[in-house]
*Asks:* 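For reference, the structure I am asking about is given below.
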Amino acid sequence: MKAARGTGAARRVVPRRHPWRMVTSVVVCAVLAWLAWSVGTNPKIDHAAIARYQFAPAILDGLRVTVELALLAEIIGVLLGTVLAVMRLSPSLVLRLSSGFYSWLLRGTPLLVQILLWGNLALLFEHIGPFNTNAVLTPFVASVVALGLNEAAYMSEVVRAGIISVDPGQHSAAQALGMSRMLAMRRIILPQALRVIVPPAANQFISLLKATSLVSVIAGGDLLTQAQNISSANLRTIELMLVATFWYLVLTTVTSVAQFFLERRLRRANASVHA
Amino acid sequence: MRASMPERPAALTHAANILRPDAPLVSIQDVHKRYGRDEVIKGIDLDVGAGEVLALIGASGSGKSTLLRCINHLEEIDAGRIYVDGQLVGYRERGGRLYELAEHEICRQRERIGMVFQRFNLFAHLNVIDNVIEAPVQVKREPRAQAVERGMALLQRVGLEGKAKAYPAQLSGGQQQRVAIARALAMRPRLMLFDEPTSALDPELVDEVLAVMRQLADEGMTMIVVTHEIAFARDVCDRVAFMHGGTILEQGPPSDMLVNPRNERTRAFLSRVLGDRRASS
């Protein structure tokens, strides 16, 4: 506005030029275009097969199983993870150590190994209580258990970070009003911890969605298992991987969008936390 | 230094007994409290009568807040007894020893002891009315509609009935502290503990909080107030106790204590605090 005074043109601000930005942008666009072009026109990729299998019943069935696996494992992960987090913060040394041991063991070993162990548990125990192990621990159940227990180890750290982010004064105030530890945790501490918990938890869930693909090693019936079953019959390996890739991207995109709205809602409700 | 406080505890307890308007609602007897090897409360005796308003003054680190937090068992004690309304707080005595009570028993005792904190500690995820009714509904299982009705009346009492739907962050510090007082009153306490209720406030917001506290005192609430507001102690409190190094050095009616402190440390503290006040206003 003030620049309008006198000879406007002479007083105008000229921004610094960024020639390298231009160069790198051009290079990146060129690489992307080449990639799209080479996949789109590669004669060795059977584009008709991709279109044919994208919505094939077997693939959609695998997609359903993948979603079920991820949701069930997430439920186990959140519930058990919260219990582990509270244990980790308990005054009892035994509870603290056992929670720490759990995280150490399940975060310290590959998820693939854990899935194989659960899938082959019948080799170790033929019966679980009165039941035949193989009858109870179907590939699907073994997959849910393996993924859920592993998820819990990571979620416990996420929830713990959320709990300790809440001002200790909130706990004092709840106690002074006659609330028990459990009640204060449930009504006062955890709702406020959510704000801190949700972003890394959504991150975990996206990891979990993709980690479900590991259960194909015990024939878990998930998206990747189905894609591999088909490709081992028709040898269209790349095409079916592209079919699966598409669906994984759909799932993670939906999750990211859900995370965005959830965080926005929590921000509104919790507008006050760190004022 | 020690020599300058002759027979302090006995003399002061005696004085307190004379001042006491009624049977004591709060009776603190030879309480000790350590953090590790550091003894922060060194054998305090203090009675507060029903309806009495006591100001606890003293420099930071003198143990005032810790003593206050022992009264509702937010802090465990290492020795001594604290009685509120005839009940031993936090412990059961058997064979001369104290055994800590179960959590639900401690919670029951805390229901009748309201507390207001320096930093308000309103529940940040709940709006004003939900802050007020949270404990009556969740702890006392009071019907929600009834709790809301009482809560609105309490908000009116602290002049904030128009802010029932606001969240704590949308309020000034003074408004937050008045909500915190209403929240504590919602449990119908017999005793109110105030832990430096105006120390975190901008100077122009102090008076609105003190006005609510004054009103509460006029209605006969028993109050123990840790404060640096010497004017409030003088005008509202029945008795002032000066703490230093984990003991009560001197106590008495404000007209006497604040004007003619006998102890040298009390005098030094008062002149420092009053000097600050003059300088800041």
Side-chain angles (χ1 to χ4, degrees), chain A residues 78 82-83 85-87 89-95 158-159 161-199 201 261-275, chain B residues 65 68-69 71-75 102-128 130-140 166-173 176 179-180 183-189 191-195 200:
Chain A
V78 168
T82 305
V83 171
V86 173
M87 282 170 68
L89 296 166
S90 146
S92 154
L93 185 67
V94 175
L95 293 185
V158 170
V159 174
I163 291 174
I164 58 183
S165 77
V166 176
D167 175 11
Q170 297 282 311
H171 199 253
S172 293
Q175 280 190 300
L177 285 163
M179 298 175 86
S180 67
R181 273 169 184 281
M182 281 293 285
L183 187 61
M185 186 57 78
R186 187 165 61 78
R187 297 280 312 175
I188 306 300
I189 308 296
L190 284 178
Q192 293 185 61
L194 266 190
R195 218 177 63 106
V196 173
I197 290 173
V198 164
F261 284 106
L262 188 57
E263 280 178 28
R264 201 172 65 172
R265 239 195 82 176
L266 284 172
R267 222 179 1 254
R268 217 178 301 143
N270 258 331
S272 37
V273 175
H274 295 291
Chain B
S65 292
L68 202 69
R69 290 170 68 88
I71 296 174
N72 63 357
H73 201 63
L74 283 184
E75 300 282 349
E103 192 189 18
H104 70 271
E105 296 170 300
I106 294 169
C107 288
R108 282 305 285 273
Q109 294 182 332
R110 287 189 182 130
E111 286 177 25
R112 307 305 302 277
I113 305 172
M115 189 165 200
V116 173
F117 298 86
Q118 180 177 356
R119 303 210 52 90
F120 330 131
N121 296 352
L122 290 183
F123 301 136
H125 61 305
L126 300 178
N127 67 26
V128 165
D130 285 341
N131 260 277
V132 175
I133 69 168
E134 176 70 14
V137 171
Q138 295 294 329
V139 177
K140 281 190 167 172
Y167 280 87
Q170 299 164 325
L171 303 180
S172 73
Q176 288 189 56
V179 173
R183 177 177 71 173
L185 291 176
M187 292 297 278
R188 305 185 200 269
L191 166 70
M192 285 284 286
L193 308 174
F194 291 86
D195 189 2

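Computed over heavy atoms, backbone and side chain alike; hydrogens, waters and symmetry mates excluded. Naming: A, B, ... by sequence-line order, numbering from 1 per chain.
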*Asks:* Looking at every non-hydrogen atom in both residues, tell me the closest pair between A:Ala173 and B:Phe123 and how far apart they are.
*Replies:* CB-CE2, 4.0 Å
*Asks:* Does any backbone or side-chain atom of B:Arg69 lie under 4.5 Å from a heavy atom of chain A? Answer side chain, backbone, both or neither.
*Replies:* side chain
*Asks:* Take B:Val139 and A:Leu177 through the side chain to side chain contact (heavy atoms under 4.5 Å, CB included) test and state the conclusion after the steps.
*Replies:* CA-CA 8 Å; B:Val139 177; A:Leu177 285 163; 5.7 Å; no
*Asks:* Which of the residues B:Gln138, B:Met187, B:Lys140 is involved in the greatest number of heavy-atom pairs with chain A at under 4.5 angstrom?
*Replies:* B:Gln138
*Asks:* Measuring from atom NE2 of B:His125 to atom CG of A:Leu190, what distance do you get when rounded to the nearest 0.5 angstrom?
*Replies:* 9.5 Å
*Asks:* Check for a donor-acceptor pair, side chain of B:Asn121 on one end and backbone N or O of A:Gly169 on the other, with a separation under 3.5 Å.
*Replies:* yes
*Asks:* Mind checking the NE2-CG spacing from A:His171 to B:Leu74? Nearest 0.5 Å is all I need.
*Replies:* 10.0 Å
*Asks:* Determine the minimum heavy-atom distance between B:Cys107 and A:Gly178, stating which atoms define it.
*Replies:* CB-O, 3.3 Å
*Asks:* What pair of heavy atoms forms the shortest contact from B:Leu122 to A:Gln170, and how long is it?
*Replies:* O-NE2, 2.7 Å
*Asks:* Once ring pair (Phe, Tyr, Trp, His ring centres under 6.0 Å) is applied, do any residues pair with B:His73, and if so which ones, sequence neighbours excluded?
*Replies:* B:Tyr91
*Asks:* Donor-acceptor pairs under 3.5 angstrom involving side-chain atoms of residues 180-188 of chain A: please list them, not counting sequence neighbours.
*Replies:*
from     : atom 1 : to       : atom 2 : distance (Å)
A:Ser180 : OG     : A:Leu183 : N      : 3.2
A:Arg187 : NE     : B:Glu134 : OE2    : 2.8
A:Arg187 : NH2    : B:Glu134 : OE1    : 2.9
A:Arg187 : NH2    : B:Glu134 : OE2    : 3.4

